[in-house]
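See below for the structure under consideration.
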Amino acid sequence: MECTMLLLAGGKSSRMGVNKALLKIGEDVNISRVASELKKVSENILVITNTSEDYRFLQLPLIPDLHKDRGPLGGLHAGMSYSKTELQFLTACDMPFVSAEAINEIISYYESDLDAIIPEINGRLQPLFAVYHKRCLPVLTDCLVKQELKMRIFLEKITVKIIKETDFELYHKNPKRFQRLFFNMNTREDYQEAGHINQTEFYIKDGSHEL
């Protein structure tokens, strides 16, 4: 089934102090790295942002929130509302080492009775690297209207399939590097670590990383 990639360009980056989407890792801007992996999965990509002038260089459709200042749920809502496909893959700009292979594996677990497929890595759910079906848009809208902005509340109201590390072929190929795909960059320390990971653990080729 065709799937639209929804790329959250990020909020205020309060812990980082600067726009983490536009930070450089190696020679590439962070959000460009993520977008390049999404393009390997689908031509349908929507960048969710309320500061479109910052991201015109991506040459991708730029979608504003319909419900402002509602965090990731607001971004998912905007993407679902504009998307023309039933399935959407949501990813955030603060995961610099995401891979098309991992995305395709998650999508492969979709079944017709599911609203979402979400990885659980090291005991932590990854709802910002997950598949969502458009049928859950009314539930999402209701959460926003009621100011129920925690992702956990939304997920409790829909049908979710959770997949673990061991469900990924990529995990069995290289468990250590698999964990890096879910590396989340929120602080200056995280940014420094991302630079170290990029230099020492990933082979960079044609602007993208390979396990």
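A donor-acceptor contact shorter than 3.5 Å is absent between the side chain of Asn44 and the backbone of Thr4. With hydrogens and angles disregarded, a donor-acceptor distance shorter than 3.5 Å links the side chain of Gln88 to the backbone of Glu86. Looking at Arg135, its side chain does come within 3.5 Å of a backbone N or O of Leu114 through a donor-acceptor pair. Not a single donor-acceptor pair under 3.5 Å links the side chain of Tyr82 to the backbone N or O of His77. The backbone N or O of Asp65 sits less than 3.5 Å from a side-chain atom of Asn50, completing a donor-acceptor pair. Under the 3.5 Å distance criterion, the side-chain polar atoms of Asn122 are left unmatched by any main-chain donor or acceptor of Arg124. A donor-acceptor contact shorter than 3.5 Å is absent between the side chain of Ser32 and the backbone of Asp28. At distances below 3.5 Å, at least one donor-acceptor pair connects side-chain atoms of Ser108 with backbone N or O atoms of Glu105. In this structure, Tyr55 contributes its side chain and Leu60 its backbone to no donor-acceptor pair below 3.5 Å. Lys134 places a side-chain N or O within 3.5 Å of a backbone atom of Ser83 that can act as its donor or acceptor partner.
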Report task. Assess whether side-chain contact (heavy atoms from CB on, under 4.5 Å) is satisfied between Lys161 and Ile118, documenting all intermediate values. Result -> CA-CA 6 Å; Lys161 179 182 181 68; Ile118 301 178; over 6 Å; no

Report task. Any chance you could lay out the side-chain contact (heavy atoms from CB on, under 4.5 Å) test for Met95 and Phe183, step after step, and finish with the verdict? Result -> CA-CA 6 Å; Met95 297 176 67; Phe183 177 82; over 6 Å; no

Report task. Output, in order, the C-alpha distance, side-chain angles, deciding distance and verdict of side-chain contact (heavy atoms from CB on, under 4.5 Å) for Thr91 and Leu128. Result -> CA-CA 5 Å; Thr91 190; Leu128 303 188; over 6 Å; no

Query raised in the report: Taking it one step at a time, do Glu148 and Phe154 satisfy side-chain contact (heavy atoms from CB on, under 4.5 Å)?
Result: CA-CA 8 Å; Glu148 297 174 345; Phe154 168 58; over 6 Å; no

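Hydrophobic clustering (ILVMFWY, side-chain heavy atoms < 4.5 Å, transitive): Met80 and Met151 are in one cluster. Placement of Ile121 and Ile162 in two distinct hydrophobic clusters is found when ILVMFWY residues are connected by side-chain heavy-atom separations under 4.5 Å, directly or transitively. Val160 and Phe168 sit in two unconnected hydrophobic clusters of ILVMFWY residues. Membership requires side-chain heavy atoms under 4.5 Å apart, directly or through other members. Ile48 and Leu149 fall within the same hydrophobic cluster, defined by Ile, Leu, Val, Met, Phe, Trp and Tyr side-chain heavy atoms under 4.5 Å apart, directly or through other members. Under a hydrophobic clustering in which Ile, Leu, Val, Met, Phe, Trp and Tyr are joined whenever their side-chain heavy atoms come within less than 4.5 Å, directly or via other members, Leu144 and Ile153 fall into different clusters.
Distance check: Asp190 CG to Asn184 CG gives 7.0 Å after rounding to the nearest 0.5 Å. Remark: Phe89 CZ to Tyr110 OH distance equals 15.0 Å, nearest 0.5 Å. Rounding to the nearest 0.5 Å places OH of Tyr191 at 14.0 Å from CG of Asp94. Remark: Glu101 CD to Ile106 CD1 distance equals 12.0 Å, nearest 0.5 Å. How far NZ of Lys173 is from CD of Glu169: 6.0 Å, rounded to the nearest 0.5 Å. Expressed to the nearest 0.5 Å, how far CD1 of Ile103 lies from CG of Leu90 amounts to 10.5 Å.
Ion pairing between a basic and an acidic side chain is recognised when a charged N comes within 4.0 Å of a carboxylate O; Glu193 and Arg180 show such pairing. Ion pairing between a basic and an acidic side chain is recognised when a charged N comes within 4.0 Å of a carboxylate O; Glu120 and Lys164 show such pairing. Salt bridge annotation for Glu156-Arg152: present, with a cationic side-chain nitrogen under 4.0 angstrom from a carboxylate oxygen.
Looking at heavy atoms from C-beta onward, Met1 lies out of side-chain contact with Ile107 at the 4.5 angstrom threshold. Using a 4.5 Å heavy-atom cutoff, the side chains of Asp54 and Thr49 are not in contact. The closest side-chain heavy-atom distance from Tyr171 to Gln179 is below 4.5 Å. When side chains are defined from C-beta on, Tyr132 does not count as touching Leu87, because their heavy atoms never get closer than 4.5 Å. When side chains are defined from C-beta on, Arg56 counts as touching Leu62, because their heavy atoms get closer than 4.5 Å. Looking at heavy atoms from C-beta onward, Thr159 lies out of side-chain contact with Asp113 at the 4.5 angstrom threshold. In this structure the side chain of Leu23 reaches within 4.5 angstrom of the side chain of Val18, judged on heavy atoms. In this structure the side chain of Val47 never reaches within 4.5 angstrom of the side chain of Pro61, judged on heavy atoms.
The heavy-atom pair separating Cys93 from Val34 by the smallest distance is O-CG2, 4.3 Å. Between Ala78 and Leu66 the shortest heavy-atom distance is CB-N, 4.2 Å. Closest of all the heavy-atom pairs between Pro96 and Arg33 is O-NE, 3.4 Å. The shortest heavy-atom contact between Leu155 and Pro127 is CD1-CB, 4.2 Å. The shortest non-hydrogen separation linking Ala100 to Glu37 is N-OE1, 2.9 Å. Contact detail for Ala92 and Leu7: the closest heavy-atom pair is C-CD1, 4.2 Å.
Under a cut-off of 6.0 angstrom, the local environment of NZ in Lys84 is sparse, with at most 12 non-hydrogen atoms contributed by other residues, nucleotides or ligands. For CD of Gln147, the number of neighbouring non-hydrogen atoms (other residues, nucleotides, ligands) closer than 6.0 Å is greater than 12. Heavy-atom neighbours of Lys157 NZ from other residues, nucleotides or ligands within 6.0 Å: above the threshold of 12. Within 6.0 Å of CD in Glu53 there are more than 12 heavy atoms belonging to other residues, nucleotides or ligands.
In the model, Asn186 has a side-chain atom that pairs as donor or acceptor with a side-chain atom of Lys20 under 3.5 Å.
Ring geometry for Phe182 against Phe129 counts as perpendicular: the plane angle is over 60°, on a 0 to 90° scale with 30° as the lower cut.
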